[in-house]
Each structure stands twice: as C-alpha cells, then as structure tokens.
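Below: one structure, written as structure tokens.
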Amino acid sequence: MERVLRAVEQVPRGCVVSYGDLAALVGIGPRQVGSIMKAYGGNVTWWRVTNSYGDLPAPLLERARETWAQEGILLKRNGLGCDIRRYRADLDALAASYERAVTDLP
DNA sequence: CTAATGACGATTC
DNA sequence: CGAATCGCCATTA
C-alpha cells in the first residue's frame, strides 16, 4: 500500500499512468491499486492515475479537470478522460525513480 | 472458512 | 463506438 502511494508520487507533472502500470510496478493486481487509491489516494497526486483508457470515473474527473488544465492535460473528444497515449509517463524512468524512492526508506 | 466486492484490464461480439 | 464476459486478487463481510 505504502509502495503504491510512493509510486504515484513519482509520476511527473503533466503526465498520467494507468492502474495497471502501477500494479505491474508494485507487483499487485490492478484492482488492488484501485482499492488503495480509493482509500488512501486522497493524500497524493491521484489525478495522475487513470484507467488504461485514460479515463476517470465521472465524479473524480469533475475534480481533476481544473488540475489537468493547469498541468496542460487536455480532455479527450468524448470528455471522459485524457489521451493516455499522449500523456502516459515514461514507465522505465518511473520504475527507476520508484526503486530509488523505496530503497531510500529509513 | 466461503462469498461478495471493486478508482481494473484484455478480449470478443 | 458500447456491452458483455472472464480473469484477477486483497479486502471485507
């Protein structure tokens, strides 16, 4: 759980990753990432985590829109999310900084 | 212990 | 494009 939140914090501004991306990175199932985000995601940059289509559930998208606009993330045609192919963070770089962040723990 | 439950994902029709 | 289906697995009831 701690690891998931740590991973989220490594996603650069103006980028997004999918639940599945984080799941693979941390080594759990995508649904677990979703559960964790629901419960504890409020304290991190949750708006940079979408499903594999770049979408967010309606109520969340509503809250993310402002921030997305600030970070330069534009909405997709259908308005359900962003074009993840364009904004998805570099997964190798993400993995790198994630590893660093978890090993540097006290 | 079993059963239901998801901020999910890939596939199929 | 949308809807249905199945696999997934920690958490909760």
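So you know, we letter chains A, B, ... as the sequences are listed, proteins then strands, and number each from 1.
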TODO: Mind checking the CZ-CD spacing from A/Arg6 to A/Glu99? Nearest 0.5 Å is all I need.
DONE: 12.5 Å

Task: A/Cys15 side, atom SG; A/Tyr87 side, atom OH - distance, nearest 0.5 Å - done: 10.0 Å

Show me the donor-acceptor pairs, under 3.5 Å and distance only, between side chains in residues 54-69 of chain A and residues at least two apart or in other chains.
| residue | atom | partner | partner atom | Å |
| --- | --- | --- | --- | --- |
| A/Asp55 | OD1 | A/Lys76 | NZ | 2.6 |
| A/Trp68 | NE1 | A/Trp47 | O | 2.8 |

Task: Minimal non-hydrogen separation, A/Arg13 against A/Glu71, with atom names - done: CG-CD, 3.8 Å

Task: Distance-minimising heavy-atom pair for A/Ala89 and A/Val11 - done: CB-CG1, 4.3 Å

Task: Those residues of residues 44-79 of chain A lying under 4.0 Å from DNA chain B by at least one heavy atom - done: A/Trp46, A/Asn51, A/Ser52, A/Tyr53, A/Pro57, A/Leu60

TODO: For DNA chain B, note the earliest and the latest nucleotide, 5' to 3', having some atom under 4.0 Å of a heavy atom belonging to chain A.
DONE: B/dG6 to B/dT11

Decide yes or no for [X] and [Y]: does some side-chain heavy atom of the first lie under 4.5 Å from some side-chain heavy atom of the second?
{"X": "A/Ile73", "Y": "A/Val16", "value": "yes"}
{"X": "A/Arg3", "Y": "A/Val102", "value": "yes"}
{"X": "A/Tyr40", "Y": "A/Leu5", "value": "yes"}

Heteroatom pairs (N/O) under 3.5 angstrom, protein to nucleotides 9-13 of chain C:
| residue | atom | partner | partner atom | Å |
| --- | --- | --- | --- | --- |
| C/dC9 | O4' | A/Gln32 | NE2 | 3.1 |
| C/dC9 | O2 | A/Gln32 | OE1 | 2.7 |
| C/dC9 | O2 | A/Gln32 | NE2 | 3.4 |

In a table with atom names and distances, give each donor-acceptor pair under 3.5 Å that connects a side chain of residues 17-34 of chain A to protein atoms at least two apart or in another chain.
| residue | atom | partner | partner atom | Å |
| --- | --- | --- | --- | --- |
| A/Ser18 | OG | A/Gly20 | N | 3.4 |
| A/Ser18 | OG | A/Asp21 | N | 3.0 |
| A/Ser18 | OG | A/Asp21 | OD1 | 3.3 |
| A/Ser18 | OG | A/Asp21 | OD2 | 3.1 |
| A/Ser18 | OG | A/Arg88 | NH2 | 3.4 |
| A/Asp21 | OD1 | A/Arg88 | NH2 | 3.3 |
| A/Asp21 | OD2 | A/Ser18 | N | 3.0 |
| A/Asp21 | OD2 | A/Arg88 | NE | 2.8 |
| A/Asp21 | OD2 | A/Arg88 | NH2 | 3.1 |

Open item on the list: Tell me every residue that passes salt bridge (charged side-chain N to carboxylate O under 4.0 Å, His left out) with A/Arg85, counting only those two or more places apart in sequence or in another chain.
Closed with: A/Asp83

